[in-house]
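Take a look at the structure below.
Chain identifiers are assigned alphabetically (A, B, ...) following the order of the sequence lines, protein sequences preceding nucleic acid strands; residue numbering begins at 1 within each chain. Everything numeric here is computed off the predicted structure, so don't read it as measured data. Note that these values count all heavy atoms, side chains included, but never hydrogens, waters or copies made by symmetry.
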Protein chains: 2
Amino acid sequence: MAAVDLTTHPGHLARRLQQAHYLLWNTMVSEEITSPQFAVLNALVAEPGVDQRTAGERVGLDRSTIAEVISRLGRRGLLDKVRDPQDGRRFLLRPTEEGLRVHRKLAVRTARMNQIFLAPLSADEQTVFFDLIRRVADAAEGLRNPAEPATAPN
Amino acid sequence: MAAVDLTTHPGHLARRLQQAHYLLWNTMVSEEITSPQFAVLNALVAEPGVDQRTAGERVGLDRSTIAEVISRLGRRGLLDKVRDPQDGRRFLLRPTEEGLRVHRKLAVRTARMNQIFLAPLSADEQTVFFDLIRRVADAAEGLRNPAEPATAPN
DNA sequence: CTGAAATACTCAGTGCCCTGATTAATCCGC
DNA sequence: GCGGATTAATCAGGGCACTGAGTATTTCAG
């Protein structure tokens with residue numbers, strides 16, 4: 001009977017939270033475009049012409065995953081992908097007209113969905129909710145990125 | 001410039017939180033056994049002899065995912081899977097000796113990891129953190145399970 | 001200018017997560 | 001008892017997420 005109480009495990013809670021969000025997104029926002037796809041599209045709307053790696057960095061996706069997401073957005077005709085004439089390693093990405101249209105439509109629906117999702121919390125609690133999650137996520141991401149250890153070698 | 005600020009989107013934050021957790025788990029707990037696998041093993045330690053569907057319900061995994069996770073735990077020799085003699089549709093699951101040993105070892109490491117993960121928050125904030133996430137996740141899960149609409153048909 | 005290092009992207013492999021369709025077994029009304 | 005509904009598990013298929021290895025291009029030291 002050495003079992004552990006998972007409701008006090010942040011990782012388990014994070015997974016459940018994400019699954020719950022996934023389901024709600026599917027019913028309230030889109031069955032075609034996923035939340036990560038929208039995030040990437042949103043990054044391209046904010047910064048048209050970025051390369052793949054940067055786009056991934058903006059939304060927190062690694063090199064492999066961002067490649068897949070971009071390939072799907074490309075197949076749907078939501079973005080253009082052209083070689084950077086200045087640097088033949090890069091692809092420059094920007095939303096198509098259709099991509100902009102889809103982004104606008106989904107932005108509205110996403111806002112509605114977030115309201116429903118966060119309805120159990122008061123306005124103050126929502127602020128705290130964002131703050132706490134952001135702090136934990138930022139700190140954990142920082143653990144993997146030594147963030148330029150300036151001088152001290154050891 | 002109609003781009004949206006994703007740092008106020010709970011779904012996006014939930015994904016980043018989960019990714020951060022995944023990385024930390026990999027470095028601090030195990031590269032072999034994943035967090036969902038540990039969750040299932042933990043459920044079997046708590047309730048030896050449950051069937052697959054129930055185990056999935058306990059940890060929040062759907063029928064397809066729980067089948068994959070159980071198959072992996074089986075391959076590693078961490079659980080036994082036998083037909084229920086009472087009901088030939090079910091498989092009864094219980095941890096092996098090795099499964100119990102692995103569970104004990106990982107439970108310790110997981111506790112250590114959770115401390116690191118939550119270190120950016122004070123003790124009070126950690127309590128709030130759990131409470132808020134749990135409330136949002138529970139509510140969203142409730143939206144999909146009409147939870148036995150007793151009498152009212154409409 | 002040339003070869004080594006760094007960088008952007010791709011590919012192969014593993015695992016998580018969902019839906020819809022299918023199969024096998026049990027349950028239940030008659 | 002028998003046939004239809006329900007239930008447990010599987011299978012096929014799509015998408016997200018990571019690592020390690022490989023390719024092409026650019027950069028930079030000498």
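One N or O on the side chain of B:Trp25 and one on the backbone of B:Ile33 form a donor-acceptor pair closer than 3.5 Å.
Rounded to an integer number of Å, the gap from CD1 of B:Ile70 to C1' of D:dA9 is 10 Å. Going from atom CG of B:Leu17 over to atom C1' of D:dA17 covers 15 Å, rounded to whole Å. In this structure, A:Asp84 atom CG and D:dT26 atom C1' are separated by 11 Å, rounded to whole Å. Atom CZ of A:Arg53 is separated from atom P of D:dT26 by 16 Å (rounded to the nearest Å). As rounded to whole Å, 11 Å separates atom C1' of C:dC9 from atom CG of A:Leu93. We find that CD of B:Gln86 is positioned 15 Å from C1' of C:dC27, with the value rounded to whole Å. The distance between atom OH of B:Tyr22 and atom P of C:dC17, rounded to the nearest whole Å, is 11 Å. Rounded to whole Å, atom C1' of D:dT10 lies 17 Å from atom CZ of B:Arg90.
If you check every strand for non-hydrogen atoms under 4.0 Å, B:Asn26 touches nothing. Within 4.0 Å (heavy atoms only), B:Thr65 reaches at least one base atom of the nucleic acid.
Nearest nucleotide to the B:Arg63 side chain, out of D:dC18, D:dA17, C:dA21: C:dA21. Minimum atom distance to the side chain of B:Arg76 is reached by C:dG15, of the listed C:dG15, C:dC17, D:dG15. Each of D:dA17, D:dA9, C:dC9 was ranked by its minimum atom distance to the side chain of A:Glu68; first place goes to D:dA17. Comparing D:dC18, C:dT10, C:dA25 by their nearest atom to the side chain of B:Gln19 picks out D:dC18. Of all nucleotides listed (C:dT26, C:dT19, C:dC9), C:dT19 comes nearest to the side chain of B:Asp62. In the set C:dT10, D:dT27, C:dA25, the nucleotide with an atom closest to the side chain of A:Gln52 is C:dT10. Among the nucleotides D:dA17, D:dA8, C:dA8, the one closest to any side-chain atom of A:Arg89 is C:dA8. Of the candidates C:dT19, D:dA17, D:dT10, D:dT10 carries the atom nearest the B:Lys81 side chain, counting heavy atoms from C-beta on.
The side chain of A:Arg15 contributes an N or O atom lying less than 4.0 Å from OP1 or OP2 of C:dC17. Between A:Arg75 and D:dG15, a side-chain N or O to OP1/OP2 separation shorter than 4.0 Å is present.
Heavy-atom distances to DNA chain D give each of A:Ser35 and B:Thr54 a nearest nucleotide, and the one nearer the 5′ end belongs to B:Thr54. Ranked by how close their nearest DNA chain C nucleotide is to the 5' end, A:Gln18 and A:Asp87 are led by A:Asp87.
Note on A:Asp138 versus B:Arg16: salt bridge recorded, some NZ/NE/NH1/NH2 to OD/OE distance being below 4.0 Å. One finds a salt bridge joining A:Arg90 and A:Asp87 here, because a Lys/Arg side-chain nitrogen approaches an Asp/Glu carboxylate oxygen to under 4.0 Å. The pair B:Arg76-B:Glu98 does not meet the salt-bridge criterion, since no charged nitrogen lies less than 4.0 angstrom from a carboxylate oxygen.
Remark: the A:Ser64 side chain and the C:dT10 base include no donor-acceptor N/O pair separated by less than 3.5 Å.
Distance check, rounded to the nearest 0.5 Å: NE2 of A:His21 to NE2 of B:His9 gives 8.5 Å. Separating the CG atom in B:Asn26 from the CD atom in B:Glu32 is a distance of 10.0 Å, to the nearest 0.5 Å.
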